[in-house]
Amino acid sequence: MSNPEFRHWRLEYDMDRVCWLTLDRAGESTNSLSREVLLELDSIVDGFEKTPPRGVVLQSGKKNSFVVGA
């Protein structure tokens, strides 16, 4: 299950209700933190408080790095 409401994050849940949270900043070759990225993350965390996943795996949608400059 994926959530299309976020521009920079993909949420996918596996059969064990583990959320695979992928940062893939739209329109950029690398991930970096921006206000929009962090506001989306805040919204995601709010959702986790309402419906907690069994676990969360945080990963990058970019090949060569996770978050540059962080």
Side-chain angles (χ1 to χ4, degrees):
M1 163 169 89
S2 183
N3 190 334
E5 78 179 81
F6 300 109
R7 184 167 179 228
H8 304 294
W9 296 93
R10 284 192 315 273
L11 285 78
E12 299 171 316
Y13 290 85
D14 63 22
M15 1 186 327
D16 295 318
R17 290 279 314 144
V18 172
C19 178
W20 293 77
L21 182 56
T22 305
L23 173 59
D24 194 5
R25 191 158 175 199
E28 301 292 334
S29 61
T30 59
N31 289 323
S32 60
L33 298 180
S34 68
R35 179 171 174 77
E36 186 178 11
V37 168
L38 293 175
L39 287 172
E40 286 184 6
L41 181 58
D42 186 52
S43 178
I44 291 165
V45 171
D46 284 347
F48 288 165
E49 290 174 356
K50 295 172 188 155
T51 309
R54 188 169 183 191
V56 177
V57 177
L58 190 58
Q59 61 186 358
S60 175
K62 306 295 185 199
K63 280 186 170 184
N64 298 322
S65 64
F66 181 64
V67 178
V68 297

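Hydrogens, waters and symmetry mates play no part in the numbers below; they use all other heavy atoms, side chains included.
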**OP:** Please report the closest heavy-atom contact between Asn31 and Gly61, naming both atoms and the distance.
**Re:**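 Scanning both residues completely, I find the closest heavy atoms to be ND2-N, 4.1 Å.
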Original post:
For the residue pair Ser32 and Val67, what are the closest heavy atoms and their distance?
Top reply: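 Heavy atoms of Ser32 and Val67 come nearest at CA-CG1, 3.9 Å.
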When hydrophobic residues are tied together by side-chain contacts of less than 4.5 Å, even through go-betweens, does [X] share a cluster with [Y]?
| X | Y | answer |
| --- | --- | --- |
| Leu38 | Leu11 | yes |
| Val37 | Ile44 | yes |
| Trp20 | Val45 | no |

Original post:
Roughly how far, to the nearest 0.5 Å, is the OG atom of Ser65 from the NZ atom of Lys63?
Top reply: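 Reported value, rounded in 0.5 Å steps: 12.5 Å.
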Original post:
Once you round to the nearest 0.5 Å, how far does CZ of Arg25 lie from OG1 of Thr30?
Top reply: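 That separation rounds to 8.0 Å.
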Name every donor-acceptor pair, under 3.5 Å, that has one atom in a side chain of residues 50-57 and the other anywhere in the protein, sequence neighbours excluded.
none

Subject >> Counterpart residues, salt bridge (Lys or Arg N to Asp or Glu O under 4.0 Å), relative to Glu36 (two or more places apart) >> reply: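 Scan of Glu36 (salt bridge (Lys or Arg N to Asp or Glu O under 4.0 Å), adjacent residues dropped) gives Arg7.
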Original post:
Excluding sequence neighbours, so at least two apart, what forms salt bridge (Lys or Arg N to Asp or Glu O under 4.0 Å) with Asp24?
Top reply: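 Residues passing salt bridge (Lys or Arg N to Asp or Glu O under 4.0 Å) with Asp24: Arg10, Lys62.
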**OP:** Please list all pairs passing the side chain to side chain donor-acceptor pair (under 3.5 Å) test where one or both residues lie in residues 37-48, with sequence neighbours left out.
**Re:**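 Qualifying pairs: none.
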Original post:
Is a side-chain donor or acceptor of Asp16 paired with a backbone partner of Val18 at a separation under 3.5 angstrom?
Top reply: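 It does not hold such a pair.
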Subject >> Residues which pass side-chain contact (heavy atoms from CB on, under 4.5 Å) with Leu58, listed by chain and number, not counting sequence neighbours >> reply: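 Expected list: Trp9, Leu21, Phe66.
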**OP:** With sequence neighbours left out, write down each residue that passes side-chain hydrogen bond (donor to acceptor under 3.5 Å, both in side chains) with Gln59, or none if nothing qualifies.
**Re:**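 Here the qualifying residues are Thr22.
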